[in-house]
Amino acid sequence: MYQIYVFMLCCCKTADWLMSQTRHRPQVAIICGSGLGMLADTLKCQDSFAYSDIPGFPQSTVQGHAGRLVFGELKGKTCVCMQGRFHMYEGHSLCKTTFPVRVFKLLGVETLIVTNAAGSLADSLQPGDIMIIKDHVNFPGLVGLNPLSGPNDDKFGPRFPAMSGCYDKGLRCLALDIAKQLGVASLMQEGVYAMVGGPNFETIAEARLLHRLGVDAVGMSTAPEVVVATHCGLRVFGLSLITNKVNTHYEDSESVNHEGVLEVGRLRSHTVQQLVTELISRMEINNNNTINTAV
Ligand SMILES: O=P(O)(O)O[C@@H]1C[C@H](O)[C@@H](CO)O1
């Protein structure tokens with residue numbers, strides 16, 4: 001009980017501080033993946049805060065994750081954008097990596113958009129393609145590394161939340177429709193994302209295992225954020241930018257590296273930006289998403 005009380009207090013302190021520093025009251029939150037931080041540049045009337053200045057916020061340590069929270073307007077919707085996320089492999093607890101999602105809930109956010117860089121295991125997904133996440137395999141979660149472990153705060157959500165349907169079907173359909181209109185449908189398809197712990201990329205045996213399990217793309221983030229978002233009732237949409245093919249052949253000498261991942265992010269930044277902007281423009285918001293935090 002005490003643990004729940006302290007955690008809620010931390011989330012409220014951060015949310016209250018942010019609300020005292022900006023007049024924006026976001027309806028949509030966006031988490032930018034590796035090399036995709038430029039999504040924040042589309043916001044108008046920006047208020048931006050370095051993570052190091054936000055009480056209770058963890059710090060970003062990964063290249064390509066600037067460490068800034070940006071509030072602003074986009075196509076008539078108020079948004080908040082994380083330029084840089086927190087990964088388990090940085091040494092953060094899962095509670096810390098997902099802390100911003102709970103803060104977003106307290107700020108009144110209704111929809112969470114998650115983006116990431118990922119390696120492809122599917123023949124149909126090439127570097128530069130964009131995968132709409134239709135489901136995920138949370139490998140750390142399957143062995144008990146879950147941000148919802150520990151006492152449950154019923155104010156956020158139930159002890160045993162369902163995860164089927166955690167990537168909103170309506171938003172997925174809308175995104176495919178938008179891709180057609182933008183003339184980029186050939187780059188886009190739905191697929192299953194798997195989160196591994198990282199920070200090393202996969203061995204060939206691990207890559208083969210993931211392929212056999214039906215995983216389309218693999219990365220090192222996102223699933224814990226989506227679990228926490230779904231737990232607290234946020235609507236979720238997710239995109240993986242495919243930055244590399246995952247090597248499943250011992251004869252193949254090519255290996256993936258983080259610089260290559262960031263480079264593909266730069267090359268596709270404009271398309272990802274267009275898709276997310278149109279999606280936000282066309283999504284409906286219900287604006288009734290607050291919770292009572294009184295303890
Ligand atoms: O934050 P994301 O999931 O986009 O970052 C991916 C996974 C690793 O952090 C990094 C590897 O290059 O990119």
Side-chain angles (χ1 to χ4, degrees), residues 29-40 51 57-70 81-94 96-101 104 112-121 125 127-133 135-141 145 147 167 191-203 206-207 210 215-229 236-247 254-269 271-273 275-276:
I30 307 161
I31 302 181
C32 301
S34 288
L36 295 169
M38 75 296 148
L39 277 171
Y51 291 166
F57 236 65
Q59 305 308 311
S60 275
T61 66
V62 184
Q63 194 200 347
H65 292 259
R68 218 170 15 241
L69 192 63
V70 184
C81 193
M82 278 179 77
Q83 270 186 324
R85 65 149 53 84
F86 309 114
H87 306 85
M88 203 170 100
Y89 65 73
E90 292 174 82
H92 299 298
S93 67
L94 285 168
K96 277 266 170 193
T97 65
T98 55
F99 178 80
V101 176
F104 295 154
L112 176 70
I113 299 179
V114 283
T115 67
N116 60 53
S120 161
L121 291 143
L125 283 166
D129 286 353
I130 296 167
M131 186 183 86
I132 297 174
I133 306 175
D135 202 353
H136 72 222
V137 181
N138 179 10
F139 277 105
L145 291 170
Y167 295 89
V192 174
Y193 173 88
M195 181 208 178
V196 294
N200 60 282
F201 292 104
E202 297 65 45
T203 64
E206 287 163 350
L210 292 169
V215 167
D216 297 304
V218 57
M220 306 174 193
S221 67
T222 304
E225 296 153 3
V226 173
V227 165
V228 166
V236 175
F237 175 78
L239 280 184
S240 291
L241 174 62
I242 302 301
T243 53
N244 56 284
K245 292 290 282 185
V246 178
N247 186 4
E254 207 174 306
S255 61
V256 52
N257 60 67
H258 188 56
E259 287 64 38
V261 167
L262 296 180
E263 181 58 22
V264 178
R266 277 189 286 275
L267 290 175
R268 272 283 177 258
S269 60
T271 310
V272 174
Q273 219 168 54
L275 278 164
V276 172

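For ligands, and for the atoms within them, numbers begin at 1 and follow the listed sequence. We use all heavy atoms of the structure for the numbers below, so side chains are in, but hydrogens, waters and symmetry mates are not.
- Note: F99 and F57 have perpendicular aromatic rings, judged against thresholds of 30 and 60 degrees for the angle between ring planes.
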Stepwise ring pair (Phe, Tyr, Trp, His ring centres under 6.0 Å) check, H136 with Y193: CA-CA 5 Å; H136 72 222; Y193 173 88; 7.6 Å; no
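- E225 and T98 share no donor-acceptor pair across their side chains, judged by distance under 3.5 Å alone.
- By the neighbour-count criterion of 12 heavy atoms within 6.0 Å, atom CD of E259 is densely surrounded, having more than that number from other residues, nucleotides or ligands.
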Dump all N/O pairs between ligand 1 and the protein below 3.5 Å as a table: atom names plus distance, one pair per row.
{"residue": "ligand 1", "atom": "1 (O)", "partner": "R85", "partner atom": "NH1", "Å": "2.9"}
{"residue": "ligand 1", "atom": "1 (O)", "partner": "H87", "partner atom": "NE2", "Å": "2.7"}
{"residue": "ligand 1", "atom": "3 (O)", "partner": "S221", "partner atom": "OG", "Å": "2.5"}
{"residue": "ligand 1", "atom": "4 (O)", "partner": "S34", "partner atom": "N", "Å": "2.8"}
{"residue": "ligand 1", "atom": "4 (O)", "partner": "A117", "partner atom": "N", "Å": "2.8"}
{"residue": "ligand 1", "atom": "5 (O)", "partner": "S34", "partner atom": "OG", "Å": "2.7"}
{"residue": "ligand 1", "atom": "9 (O)", "partner": "H87", "partner atom": "NE2", "Å": "3.4"}
{"residue": "ligand 1", "atom": "9 (O)", "partner": "Y89", "partner atom": "OH", "Å": "2.6"}
{"residue": "ligand 1", "atom": "12 (O)", "partner": "H258", "partner atom": "ND1", "Å": "2.6"}
{"residue": "ligand 1", "atom": "13 (O)", "partner": "S34", "partner atom": "OG", "Å": "2.9"}

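- Side-chain contact, S221 with N116: no donor N or O sits under 3.5 Å from an acceptor N or O.
- Not a single side chain to side chain donor-acceptor pair (under 3.5 Å) links Q273 to another residue, sequence neighbours left out.
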